[in-house]
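Single-structure report; data block below.
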Amino acid sequence: MSVTFDLHTKRRTPHPRAVLTLIKPITWFPPIWAYLCGVVSSGVPLASSPWLLLAGMVLAGPVVCGMSQAANDWCDRHVDAINEPNRPIPSGAIPGRWGLWIAIAMSGLALGLGSLLGPWGFGATVFGVIAAWIYSAEPFRLKRSGIWGPGLVGLCYEGLPWFTGAAVMVAGAPAFPVIVIALLYALGAHGIMTLNDFKALEGDRQTGVNSLPVVLGPERAARVACWVMALPQVAVIAALVLWDRPLHAAAIGAVLLAQFWAMRVLLSDPEARAPWYNATGVTLYVSGMMIAAFAIRTLGGLG
């Protein structure tokens, strides 16, 4: 380990594999999925605009989400030196200020690609880029708050790409049901992001990041996260019943019941089980998102 670290610290340019690690491909799935949910919920046939579909997926995942990961790792390099010293920046695999330069370059790339998706796509991209920086960077650094930080990330991971996918496809403001469902799933994602904070618990304590696991303790934070994830899905079910989509509502109800089982497992040992829940419970959560998208696709279009 020490030999690898010494070699990394002597580098003047980033290792290509370290750059890929920096922008974390595993994190691209949620915004890509949410963008696809938005496209489906718009009611516009997927084959009618394949360019918008593909460009939006690339923008939501590799570009904007990848940029946000690079910006976060640069701004969190001191925290990561405590929590995960083998990450690309604290380990030296990405030396000097390369992490910052990569994040800035990708911000420019995001704005350029977003400008090709029309005014709604560009506006959403601007919002996403600004949100990524104010989440991580001083003097804003909203990630210091266990309320505003996860809320902003949940909005940008689930609500914003969903809204963008629908808006780009219809070339205008999405219908009211689309906006409502996107906001509800974005709200529920606050709980997912709270569970994600468990992995940085010790570093957050030492560096003054007041995540909910730090402020409330792991057990209480996990319970709050479960309530925050569950209640918006109950509201989604109620909305679909109101909009005469009982079968879709029942399907999401079944998905939510499966999540309740997973939540019981999580609450038995929140610190140890949080990574497991992020793989199991979150998969169920995003499955419900797509069910809801299909439910409202005939209600989509322009508001």
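Since the model is a prediction, treat every value here as computed from it, not as a measurement. Throughout, residue positions are numbered sequentially from 1 according to the sequence presented. Atoms considered below: every heavy atom in the structure, side chains included; atoms not considered: hydrogens, waters and symmetry mates.
- Annotation: salt bridge (charged side-chain N to carboxylate O under 4.0 Å, His left out) contacts involving residues 17-34, sequence neighbours excluded, comprise K24-D73.
- Of the possible polar contacts, one joining the R297 side chain to the F294 backbone as a donor-acceptor pair under 3.5 Å is found.
- A distance of 13.5 Å separates CE in M263 from OG in S268, rounded to the nearest 0.5 Å.
- Between I192 and Y277 the shortest side-chain heavy-atom distance does not fall below 4.5 Å.
- Between Y285 and Y185, the gap from one ring centroid to the other is short of 6.0 Å.
- Evaluation of the side chain to side chain contact (heavy atoms under 4.5 Å, CB included) rule for A110 yields L59, V63, V64, T125, V129 as partners, not counting sequence neighbours.
- Hydrophobic clustering, with ILVMFWY side chains joined whenever heavy atoms are under 4.5 angstrom apart, keeps L155 apart from M229.
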Just do the side-chain hydrogen bond (donor to acceptor under 3.5 Å, both in side chains) check on R245 and T298 with the steps written out, would you? CA-CA 11 Å; R245 300 294 186 272; T298 55; 2.7 Å; yes

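- In this structure, the salt bridge (charged side-chain N to carboxylate O under 4.0 Å, His left out) partners of D76, at least two apart in sequence or on a different chain, are R141, K143.
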Assess the residue pair S41 and W162 against the criterion (side-chain hydrogen bond (donor to acceptor under 3.5 Å, both in side chains)); give the C-alpha distance rounded to whole Å, side-chain angles, the decisive distance to 0.1 Å, and a yes or no. CA-CA 9 Å; S41 68; W162 187 316; 3.1 Å; yes

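- A donor-acceptor pair under 3.5 Å links the side-chain atoms of W33 to the main chain of V286, judged by distance alone.
- A cation-pi arrangement is not found for R223 relative to W227, the charged atom failing to lie both closer than 6.0 Å to the ring centre and inside a 45° cone about the ring normal.
- Not counting sequence neighbours, the partners of E84 by the side-chain hydrogen bond (donor to acceptor under 3.5 Å, both in side chains) test are R87.
- The side-chain heavy atoms of P31 and Y35, taken from C-beta on, include no pair separated by under 4.5 Å.
- Through chains of ILVMFWY side-chain contacts below 4.5 Å, L201 is grouped with V214.
- Here D197 pairs with nothing under the salt bridge (charged side-chain N to carboxylate O under 4.0 Å, His left out) rule; sequence neighbours left out.
- Going from atom CZ of F176 over to atom CD1 of I296 covers 11.0 Å, rounded to the nearest 0.5 Å.
- Contact of the F198 side chain with the D204 side chain is not registered, since no non-hydrogen atoms from C-beta on lie closer than 4.5 Å.
- Residues R144 and E138 are paired through a salt bridge, judged by an N-O separation under 4.0 Å between the basic side chain and the carboxylate.
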Give the C-alpha distance, both sets of side-chain angles, the deciding distance and a yes or no for side-chain hydrogen bond (donor to acceptor under 3.5 Å, both in side chains) between W74 and S136. CA-CA 9 Å; W74 171 256; S136 299; over 6 Å; no

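- The shortest distance between side-chain heavy atoms of S107 and W133 falls below 4.5 Å.
- In terms of hydrophobic clustering, with Ile, Leu, Val, Met, Phe, Trp and Tyr side chains grouped at heavy-atom distances under 4.5 Å, M67 and F29 are assigned to a common cluster.
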